[in-house]
Structure formats: C-alpha cells, structure tokens
2 protein chains.
Amino acid sequence: MNTSTTQSEEPGTAVKADEIEFTLIELLFFAYRDFTSDPDAILSQYGFGRAHHRVIHFVNRRPGLRVAELLDVLRITKQSLARVLKQLIDTGYIVQVQGPRDRRQRELYVTKKGHALALALALPQSRRIRAALEEAGVKDRAVIERFLRAMVNPELRAQVDRAPAREGARIEGEARE
Amino acid sequence: MNTSTTQSEEPGTAVKADEIEFTLIELLFFAYRDFTSDPDAILSQYGFGRAHHRVIHFVNRRPGLRVAELLDVLRITKQSLARVLKQLIDTGYIVQVQGPRDRRQRELYVTKKGHALALALALPQSRRIRAALEEAGVKDRAVIERFLRAMVNPELRAQVDRAPAREGARIEGEARE
DNA sequence: CAATTATGTCAACATGGCTGACATAATTAT
DNA sequence: ATAATTATGTCAGCCATGTTGACATAATTG
C-alpha cells in the first residue's frame with residue numbers, strides 16, 4: 001500500500017498530489033456519466049436497464065457471439081447475465097442458435113427488433129461523440145481512438161479488436177429455430 | 001422512437017447502422033471498464049465500494065464541498081449518499097464542518113487518512129492514463145481533455161471546471177469540531 | 001412569525017452484481 | 001466405451017447501491 005504524502009512532510013518518499021492526473025481522471029468520470037445517461041432514458045421506457053443495454057449492444061455488434069465470450073467481455077458472472085439475457089430472449093430482442101460445430105454452444109443474435117433497439121440506443125451516444133469531436137476541434141480522430149484503446153488492459157485488447165468491419169448478420173424473429 | 005433500418009429496406013428514412021460511431025462507443029466502454037478496475041481492487045481491501053471512491057475523490061478534490069453540491073455531481077439521491085458518507089465519516093476518512101456563513105450547511109473535508117486513500121486510489125488510474133498517452137503517441141494532451149470535456153452536458157460543465165487549481169485544504173482528524 | 005432551505009433519517013423496494021451448488025448435454029480423453 | 005471435461009442453465013440467497021416517499025430539525029429568509 002502507498003503511504004501518501006503532501007508537500008510539507010516526508011519529502012521524496014511517496015506520491016505527491018500534483019503528480020496525479022486528476023484532471024483527466026475527472027473528465028473520464030464526467031464524460032462517461034453523461035455518455036450513459038442518454039440510453040438510460042430510453043431503456044426505462046422498455047423496462048430495461050443498463051445491463052440489458054450492454055448485452056444487446058455486444059450481441060448486435062458481434063453476431064453469433066457465444067455466452068462464454070459475452071461473459072468475458074462484460075466481466076460478470078453467468079448468473080448475472082442469465083437474468084437479463086433471459087428477459088431479452090423472452091421479449092424477442094435476442095435469439096439463441098445452437099452452435100454448428102459444437103452443439104453445446106449457443107450463438108447469440110439480435111432479432112430485427114433487437115437490432116432496431118441497439119441502434120436507437122447507440123444513436124444519441126453517437127451524436128454526442130460527433131458533436132464533441134467537432135466542438136473540441138479534433139482534426140485527427142485516430143488520436144482519440146488510440147488513446148482509448150491504450151487505456152484498455154493489454155491482455156483484453158483482443159476484445160476491442162474483435163468488432164465487425166461492417167454490420168454483421170442478423171436473424172429475423174422467424175428464422176432458424 | 002426511432003424506426004431503424006438496414007441497408008436494404010426503406011432507404012433514407014431512418015438510422016443506418018454504418019452512420020453510428022460504434023467504434024468510439026465501444027472504446028469508451030472498454031476504457032472505462034478497465035479504468036475503474038484498478039481502484040476497485042484497492043477498495044475491497046478496505047471494505048469499500050465504488051460509491052465510496054466517488055465520494056472520497058470529490059471531497060478530496062473540492063475541500064469544503066457541501067452535501068447538496070456533492071449530490072449534484074454524483075447524480076444520486078441524498079439517501080444513497082447518506083449510507084456511504086456515514087461510513088466514511090465513522091471510519092475517519094471524512095469530516096463535516098458547519099458552514100461558516102450558513103450554519104445549516106455541512107462542509108466536507110478529507111482527513112489525512114482520507115487524503116492518503118484518495119491518492120492511493122488515483123495513483124493506478126493516473127499511471128494508466130500516462131501510459132496510454134505515451135503509448136498512443138499523444139503529442140497534444142489538450143486534445144483529449146477538450147474532447148472529454150465536450151462529451152459532458154453543457155449545463156453541467158461548471159462541475160468539471162470547479163476543480164481546484166492546486167491541492168486544496170485538508171483537515172486533520174483532530175482539528176475543528 | 002411564517003415559509004423556505006439544507007440536511008438527516010426511517011422504511012421499503014429494485015437492479016444488478018456476487019457465491020455456491022447442482023443439472024444437462026455434448027465433446028474430448030483415456 | 002466409459003470417464004472426464006466443457007458449455008450452458010438454473011435455484012437460492014446475499015450484498016451494494018440505486019430509487020421513492022415521508023417526516024424531523026435547525027437555520028435562514030421573506
């Protein structure tokens with residue numbers, strides 16, 4: 001543990017407050033707080049919460065995602081996931097398909113309805129990001145992307161990179177199973 | 001509500017998936033997920049959670065912050081705050097001082113112990129940010145700051161700007177009251 | 001003196017995390 | 001072939017942290 005210090009006492013030994021990136025720490029907090037507030041308002045109209053948002057987002061973005069992979073991405077337990085996933089399946093936003101190679105696996109897909117919800121939730125977030133890029137006069141958006149990617153634990157960056165190049169497959173409510 | 005569409009159907013009317021900033025949306029999710037994981041590990045050793053972290057962070061950064069202001073920043077109810085704030089006061093990380101002008105108000109200060117904890121929690125986050133800036137080759141860190149600030153709701157940006165220029169006052173466990 | 005304000009507190013409830021235990025079906029290893 | 005492992009599901013209960021509503025107190029303001 002770190003025995004911290006202020007300017008006046010035990011100089012040199014420990015963390016000094018002015019060496020800490022407080023500004024960026026707080027900016028991340030505030031930016032994320034408001035970034036998540038947009039979809040929250042929409043979700044409550046559906047009787048869903050933030051947990052549903054995360055699930056439907058990643059299933060939409062990574063069609064055919066398996067349950068174990070989703071757990072890795074969300075960093076929650078299967079029992080936590082089960083609750084919200086069941087609701088999303090029961091209400092027709094997500095469907096499960098038996099894995100073609102390994103029939104124990106369940107591939108997850110959004111339905112048309114689920115796709116529409118995922119887009120509706122992403123839209124205000126997307127608008128906020130665009131407006132911020134413009135307002136901040138970001139000429140090279142790649143800088144932002146590189147910075148945020150570098151904030152992710154190196155061993156978990158494969159998850160970031162696994163996103164589809166284009167919009168992936170989607171299963172209609174009626175199709176397959 | 002937004003009737004969303006894919007490439008093939010009802011063109012022009014609605015949101016197209018490839019117009020959405022999915023990459024940055026996900027990067028924000030992943031970056032924030034790992035950004036908060038560092039302090040979480042430390043907090044659990046103290047029997048505290050993320051809610052305690054937020055309180056002790058803002059009280060450390062804005063010495064003399066009043067309860068109502070803290071509620072505005074955290075966007076939670078006073079009943080939610082009361083639980084964690086009481087614990088932090090009872091365990092000697094935060095003290096309350098009666099407002100000098102208005103004696104109904106309670107100014108919040110970290111104790112020496114609270115200051116040390118706030119720094120210990122901020123340290124890994126600060127390291128992560130520095131490493132990310134370097135790894136991403138960010139030459140002008142102001143770009144990142146401007147972007148994140150622009151992500152905050154305009155009417156709430158005063159909260160962002162209210163941070164102290166230097167390290168603010170702190171009250172020792174014994175002093176005042 | 002009345003109304004308003006800042007704060008605290010009690011009670012009840014919801015969401016979304018967690019652990020532990022156990023069940024099933026399918027795959028893989030011996 | 002059978003045993004072990006794996007992917008998933010499910011039951012039950014607990015915890016942290018958010019919510020609403022109601023009410024209390026003290027201090028300030030009109």
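A quick note: this is a predicted structure, and the numbers were derived from the prediction, not measured. First the proteins, then the strands, lettered A, B, ... as listed; each starts at 1.
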Aromatic centroids of F58(B) and F30(A) separated by under 6.0 Å
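Yes; F58(B) has its ring centre under 6.0 Å from that of F30(A).
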So, F35(A) versus Y32(B), ring centres under 6.0 angstrom or not?
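That pair fails the under 6.0 Å test.
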Could you tell me the separation between the [atom1] atom of [X] and the [atom2] atom of [N], rounded to a whole number of Å?
X       : N       : atom1 : atom2 : result
L85(A)  : dG17(C) : CG    : P     : 13 Å
L88(B)  : dA16(D) : CG    : C1'   : 14 Å
Y46(A)  : dT15(C) : OH    : P     : 18 Å
Q96(A)  : dG9(D)  : CD    : C1'   : 9 Å
L81(A)  : dC18(C) : CG    : P     : 11 Å
R50(B)  : dC18(C) : CZ    : P     : 11 Å
R66(A)  : dG9(D)  : CZ    : P     : 13 Å
Q105(A) : dG9(D)  : CD    : C1'   : 15 Å

Could you tell me if the side chain of R149(A) sits less than 4.5 Å from the side chain of L27(B), heavy atoms only?
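Of all side-chain heavy-atom pairs linking R149(A) with L27(B), at least one is under 4.5 Å.
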Decide yes or no for I94(A) and T111(A): does some side-chain heavy atom of the first lie under 4.5 Å from some side-chain heavy atom of the second?
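Side-chain contact under 4.5 Å: no.
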Given protein heavy atoms under 4.0 Å, the one-letter contact record of nucleotides 20-30 of chain D, with B base, S sugar-phosphate only and - none, is simply BBB---BBS--
As a quick check of understanding, evaluate salt bridge (Lys or Arg N to Asp or Glu O under 4.0 Å) for E135(A) and R157(B), giving each step before the final call.
CA-CA 14 Å; E135(A) 187 186 328; R157(B) 288 191 198 154; 2.8 Å; yes
Do the ring planes of Y93(B) and F48(B) sit parallel (below 30°), tilted (30 to 60°) or perpendicular (above 60°)?
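Perpendicular, since the angle between the ring planes exceeds 60°.
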Any salt bridge linking E21(B) with R130(A)? Criterion: basic side-chain nitrogen under 4.0 Å from a carboxylate oxygen.
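Yes.
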Has the side chain of R83(A) got a donor or acceptor atom sitting under 3.5 Å from an opposite partner on the base of dG17(C)?
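Such a pair is found, so the answer is yes.
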Within residues 68-76 of chain B, find the residues that approach DNA chain D with a heavy atom at under 4.0 Å, and present them sorted by residue number.
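When residues 68-76 of chain B is checked for heavy atoms under 4.0 Å from DNA chain D, the hits, listed by number, are R75(B), I76(B).
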R75(B): salt bridge (Lys or Arg N to Asp or Glu O under 4.0 Å) partners, not counting sequence neighbours
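Testing R75(B) for salt bridge (Lys or Arg N to Asp or Glu O under 4.0 Å), a comparison that skips the adjacent residues, returns none.
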Distance alone, cut at 3.5 Å: any donor-acceptor contact between the side chains of Q159(B) and R33(A)?
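On atom types as modelled, these side chains qualify, holding a pair under 3.5 Å.
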